[in-house]
Amino acid sequence: MLDSDDVEEAYYDRLVAAGTHTAEEIPWIKARRRRQEELEVCRFMMKSGTYDASCPEELVHLCYANALAGLQRRPEALLFLERACARRPEVASWALMHAKMLFVEDRKEESLARCLHVIDAFARGDASTEEAADAFHLAGWVHIHADDHS
């Protein structure tokens, strides 16, 4: 008896056999499909407000932003996180992810501001040790990249 994984693998095998895709492209196609599914599930959860202890709002928002970025839609992910952080500035995990994406986009000053926000949140007891350590580490990279090495 075939299960859904077998059907999915057969689909990918047919793509390669038909010559429309190479075997090297299949992992990328699988990842894209997984990210698209994550995006849809997160969008539904945010729209319906169906959060619980195993899948809280904070995690759903992180998953949604990560899925957008994985689908090469980083500007949308940045805007989404910016709005989320404005709505709930106490959520350090959103600010940290926003800082990381801003860094990748070479928006170092904005990234540093978000890092400092997380570090301040830690000082108030609103961020974990891991979040503060990540923010401090990223802030260091911002300073390294902003330095004139000539």
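Note that the structure is predicted; figures quoted are calculated from it, not measured.
- Between the H61 side chain and the E57 main chain, a donor and an acceptor come within less than 3.5 Å of each other.
- Residue A99 comes nearest to S111 through the heavy atom pair O-OG, 2.8 Å, listed as atom of the first residue, atom of the second, then distance.
- A pairwise comparison of heavy atoms in A92 and A127 identifies CB-CB, 3.5 Å as the closest pair.
- When every heavy atom of L59 is checked against every heavy atom of S54, the shortest pair comes out as CD2-O, 4.3 Å.
- Going from atom NE2 of H117 over to atom CG of L112 covers 13.5 Å, rounded to the nearest 0.5 Å.
- A pairwise comparison of heavy atoms in Y51 and M46 identifies OH-CA, 3.2 Å as the closest pair.
- Summarising the local packing, CZ of R43 is surrounded by more than 12 heavy atoms from other residues, nucleotides or ligands at distances under 6.0 Å.
- Applying salt bridge (Lys or Arg N to Asp or Glu O under 4.0 Å) to K30 and the options E37, E25, E9 leaves one that passes, E9.
- Counting only heavy atoms from C-beta outward, the side chains of L39 and Q36 approach each other to under 4.5 Å.
- Closest approach of R87 to W94, counting heavy atoms only: NH2-CH2, 3.9 Å.
- Counting only heavy atoms from C-beta outward, the side chains of L138 and R114 never approach each other to under 4.5 Å.
- Among L102, L79, V104, L68, the one residue that satisfies the side chain to side chain contact (heavy atoms under 4.5 Å, CB included) test with R74 is V104.
- Contact detail for H145 and F103: the closest heavy-atom pair is CD2-CZ, 3.6 Å.
- Remark: C63 SG to R35 CZ distance equals 11.0 Å, nearest 0.5 Å.
- A distance of 10.5 Å separates CG in L81 from CG in L96, rounded to the nearest 0.5 Å.
- Hydrophobic clustering, with ILVMFWY side chains joined whenever heavy atoms are under 4.5 angstrom apart, groups W28 together with V16.
- Atoms NZ and CG, from K100 and N66 in turn, are 10.0 Å apart once rounded to the nearest 0.5 Å.
- Residue F122 is not grouped with residue I119 when hydrophobic side chains (ILVMFWY) are merged at heavy-atom distances under 4.5 angstrom, including chains of intermediate members.
- Linking ILVMFWY side-chain heavy atoms closer than 4.5 Å, directly or via other members, places V41 and L71 in a single hydrophobic cluster.
- When side chains are defined from C-beta on, D106 counts as touching K108, because their heavy atoms get closer than 4.5 Å.
- Cluster membership check: V142 shares its hydrophobic cluster with L116, using side-chain heavy-atom separations under 4.5 Å among Ile, Leu, Val, Met, Phe, Trp and Tyr.
- Under the 4.5 Å side-chain heavy-atom criterion for grouping Ile, Leu, Val, Met, Phe, Trp and Tyr, L62 is connected to V91 within one hydrophobic cluster.
- Comment: E90 does not engage R124 in a salt bridge, judged by the lack of any side-chain N to carboxylate O separation of less than 4.0 angstrom.
- The side-chain heavy atoms of L78 and H98, taken from C-beta on, include a pair separated by under 4.5 Å.
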